[in-house]
Amino acid sequence: MRPLTIYAALFMAFIYGPVLLLVVFSLNDNTFATFPLKGFTLRHYVEMWSQAPMLAALGNSLRIGLGVTLLTTAIAIPAALALTRFRFPGKPAILGAMMLPLVIPSIVLAVSLLVIILKFLNIPLSLWTVAAGHVLICLPFCTSVLMSRMEGFDPSLEEASRDLGSPPWQTFRRVTLPLAMPGVISSLLLGFIISFDEFVIAFFLTGTDNTLPVYLYSQLRFPNRLPATLALGSLILVGSTLLVVIAEILRRRGVQSNNPGDL
Amino acid sequence: MSSATTNGVALRDPARRREAFAGFWLITPALVVMVSMLALPMVALVVLSFWTQDGFTLDTTFTLDNYRRLFATSERGVAWMGMTFYLEYPVPAILMIKSLVMSLTATVAVVLMAYPMAYFLAFRVKRNKAVWIILLTIPFWTSYLLRVFSWKVVLGFNGAINSGLISLGIIDKPLEFLLYNPAAVMITLSHAWVTFVVLPIYVSLEKIDRSMLEAAADLGDSRWRRFRRITLPLSMPGTIAAALMVFIPTVGDYVTPQLVGGTGGTMIGSLVQQLFTKQNDAPMGAAVSLVMMLVIALLVLLFLTLVGYWKMRARRQG
Amino acid sequence: MTPQIAIQGVTKSFGSFQALKGVTFDIAKGEFFSMLGASGCGKTTLLRILAGIEQPTTGRVSIDAKDMTGVPPERRPTNMVFQSYAIFPHMNVEENIGYGLKNLKLSRAEAAAAIAGALEMVKLEGMAKRNAHALSGGQRQRVALARALVMRPKVLLLDEPLSALDKKLREDMQLELRAMQRSLGITFVFVTHDQEEAMTLSDRIAIVSGGRILQIDTPKRLYDAPVNREVAEFIGTMNLIPARVSGPGMVEGALGTLSAAFADVAPRETGAAVHLALRPERLRLGDEGLGGTVREAVYLGDRITYLVDVPGLAAPLRVADSNRSGEMRRIGAPVRVSWPDDAGLVLGD
């Protein structure tokens with residue numbers, strides 16, 4: 001084997017190793033995450049479901065994730081359309097500003113939202129304030145996924161639709177939206193994953209209710225609950241992985257099949 | 001097309017005006033989100049940093065006190081890592097420098113680790129490229145908290161390395177230096193961000209026209225010279241952009257130092273959190289956050305200017 | 001001829017770039033009209049303005065005496081065949097062709113009949129259910145044509161529709177397009193950068209360059225009487241010899257004083273710098289005329305092209321010999337070049 005191939009294998013082991021250990025220990029019949037392994041068990045997974053706070057947090061995260069991704073994608077579709085199909089003054093500046101949440105440390109985003117919510121607007125913290133923060137951090141991701149999809153197909157398809165008698169809204173409904181659909185689905189899935197996995201903003205902006213990552217974080221302080229925490233973490237990892245794989249496959253398939261060049 | 005001409009001449013064209021209007025209309029919802037949840041909160045943070053906290057009451061008279069305190073000098077120095085800080089309130093400055101150094105180290109490590117992987121992906125992988133790319137994408141999207149936490153499981157006192165080594169009989173007491181120190185933070189940061197960097201570098205390598213490399217070989221360049229004279233310079237912009245995308249957010253990272261840093265591995269993000277909660281000094285927290293962002297922005301600008309200057313000089317010589 | 005399309009003082013700017021710098025002309029009803037020019041000359045922009053996809057910066061377009069300013073593409077009596085064909089990838093052949101019919105509120109039976117008719121016209125019967133991805137380049141081109149024609153436009157706009165096809169297919173399609181246009185009797189406006197294609201198809205051709213129209217004429221007039229040097233060089237090949245006007249119908253240059261036809265619209269003053277233009281096929285090699293030597297000879301079967309060095313001329317003369325004698329002159333051989341009096345044209349830049 002060539003050295004570079006060996007390096008690639010080591011690299012992947014480094015990336016996935018620690019995460020896989022998490023899964024391994026969650027299946028280990030032991031209250032500590034230590035070697036040697038004592039035997040296979042699904043006990044921790046069963047125990048997990050009897051904890052009411054965990055179920056409440058899971059419910060909160062699912063609801064927030066779903067609401068956030070629907071709202072964000074609904075905002076991102078027209079934004080991506082404007083940024084890829086229309087010429088207007090200040091477009092580069094707007095595009096740059098929209099990508100800012102990607103480079104601002106999330107703790108700064110969190111405290112700035114905390115300040116305006118508590119000190120200026122006097123709104124009590126709740127799951128709603130978490131959702132608002134999540135819309136902000138999902139927006140750049142959803143917009144760029146949709147933009148790359150919309151840049152991927154020939155703009156003359158939309159011109160042809162107009163030319164064949166469809167006004168702008170009809171053109172959007174009959175041509176743009178169906179062609180952008182893989183991107184829309186990717187955007188929905190990714191928005192959901194980001195919100196579902198997000199910790200810092202939820203940690204700062206939530207009131208008495210927990211989201212799943214916040215609950216998980218609070219459990220890390222109790223060593224005797226570690227196995228259940230590991231089980232929960234493993235489930236979250238497996239779930240997110242599945243969603244990411246689906247989103248990626250959809251995005252790629254879409255891009256390939258609509259490229260007239262590769263016929 | 002420069003935006004200056006878009007603003008001036010073209011908007012007299014009615015068709016262009018209509019198009020611009022439609023564009024604005026479509027992007028309005030996103031702009032509302034950006035203004036209400038990014039711009040206004042930032043303004044609020046700036047305003048708050050000019051106020052002061054007095055016990056439980058917030059004093060809303062405008063003052064530079066917070067900033068003055070951050071930069072006030074003192075006769076008595078505080079030593080840290082061989083450096084002496086003559087500051088009245090040295091903690092933010094120390095944590096800022098420490099965070100910058102740790103983040104920079106992690107960024108360099110990340111780029112050094114990611115580049116060969118990206119190179120492998122671009123030049124060696126022929127089949128199932130999509131599978132590799134998806135494998136590298138997954139970690140980026142899955143829970144940051146859990147990926148950081150997994151290192152606690154690996155490096156911890158009762159963690160995988162210690163218990164593994166003990167059960168193999170190599171050591172008989174857990175190694176305590178593994179977790180809760182700056183090194184653990186930097187390892188964890190590198191792990192968490194490295195795949196984020198592979199893909200942009202891969203894209204910039206993939207874009208390189210292969211016939212250019214063939215031409216270089218045809219003109220007598222060895223494999224190494226080909227890499228140094230063609231591949232590396234052409235992939236530099238993508239690599240630099242990716243490095244910045246890691247450096248900027250990691251300086252203010254909160255989760256990693258909190259979980260694996262211990263007391264020795266705290267960073268500036270932890271201080272911000274403490275000021276807003278335990279220490280109940282939100283105005284100071286706001287000032288620290290803003291100074292942190294300002295310092296990062298200045299460093300990035302300085303770096304980009306240096307890169308621009310270096311490129312200009314290289315062009316003049318070449 | 002009734003003008004169907006009237007283009008008046010149309011300009012178009014993209015930022016600081018002026019794609020069209022003031023264009024005025026008419027296109028007659030039932031005409032096969034081509035716009036010919038190099039890429040970036042503004043011909044496609046003008047076509048898109050006719051379609052309503054772009055709006056002119058100033059000036060206006062009317063179709064059938066109706067001002068089209070501000071009329072969006074969906075409300076214009078024009079349809080377009082796009083250069084990329086713009087076949088909807090998420091629809092099959094039938095759905096692509098029927099796309100516009102849905103906007104016309106036809107009955108189901110009427111729409112089906114129209115689609116069947118269109119499929120027959122472009123010879124794609126039996127391919128109705130074929131997926132858009134499974135079409136060859138030629139088939140995509142036919143679907144694009146059928147999709148536009150099924151709308152019964154008053155004007156069909158074609159943006160380099162043949163440029164993606166290989167040579168043989170392109171030549172077949174040229175004949176088919178011409179026949180289709182004759183039988184349908186509607187106006188075709190065709191954009192191309194291929195002068196041979198434009199000459200094969202068109203009733204009239206507009207030569208477009210740098211955002212302006214240089215000349216609009218029949219293919220024969222464009223070839224025989226180009227208005228300036230640029231048109232002459234764009235259509236076919238031309239020998240250009242620098243000269244000065246020495247009197248009415250006379251020029252003077254390195255070859256002495258010669259009589260020549262003044263193709264220019266503007267009268268030339270005595271002493272003005274011009275070019276004497278000669279088509280290669282009007283030059284003859286024989287026993288009389290200018291003396292020179294053969295520098296290069298290219299045998300093409302149906303003709304032989306010679307480059308002849310003539311003392312006093314900077315560039316060699318290009319002579320197309322009809323190869324009637326079957327004899328080829330050797331390189332370096334002394335020859336004499338002559339031409340009939342009406343062959344020389346006087347052209348400005």
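Keep in mind that this is a model prediction, so the values were computed, not measured.
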So, for [X] and [Y], which heavy atoms are closest and what is the spacing to 0.1 Å?
X        : Y        : result
A:Pro167 : C:Glu74  : CA-OE2, 3.3 Å
C:Pro72  : A:Arg162 : CB-NH2, 3.4 Å
C:Ser84  : A:Asp154 : OG-OD2, 2.5 Å
A:Gln170 : C:Asn103 : OE1-OD1, 4.3 Å
A:Thr171 : C:Tyr99  : CA-OH, 4.3 Å
A:Ser156 : C:Ala86  : O-CB, 3.5 Å

With a 4.5 angstrom heavy-atom cut-off, which part of C:Glu95 approaches chain A: side chain, backbone, both or neither?
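C:Glu95 has no heavy atom closer than 4.5 Å to chain A.
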Applying a strict 4.5 Å limit to non-hydrogen atoms, the region of C:Leu101 in contact with chain A is neither
Scored by heavy-atom pairs under 4.5 Å with chain C, the best of A:Ser166, A:Pro168, A:Pro178 is A:Ser166
Original post:
Does C:Arg48 reach the side chain of A:Glu159, with side-chain heavy atoms less than 4.5 Å apart?
Top reply: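 C:Arg48 reaches A:Glu159 side chain to side chain.
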* To do: Could you please spell out the steps behind the side chain to side chain contact (heavy atoms under 4.5 Å, CB included) verdict for C:Met151 and A:Leu164?
  => CA-CA 7 Å; C:Met151 300 296 286; A:Leu164 292 165; 3.8 Å; yes
Value for CG (A:Asp163) from CG (C:Leu157), rounded to nearest 0.5 Å, stands at 7.0 Å
key: Spacing of CZ belonging to C:Phe88 relative to CG belonging to A:Leu179, to within rounding of 0.5 Å   =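 Those atoms lie 8.5 Å apart.
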query: Which answer fits A:Pro155, side chain, backbone, both or neither, if we ask what part of it has an atom under 4.5 Å from a heavy atom of chain C?
result: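 Contact with chain C is absent: no heavy atom of A:Pro155 under 4.5 Å.
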- Item | Worked verdict on C:Lys102 versus A:Arg174 for side chain to side chain contact (heavy atoms under 4.5 Å, CB included) | CA-CA 11 Å; C:Lys102 284 211 174 142; A:Arg174 293 178 67 189; 3.7 Å; yes
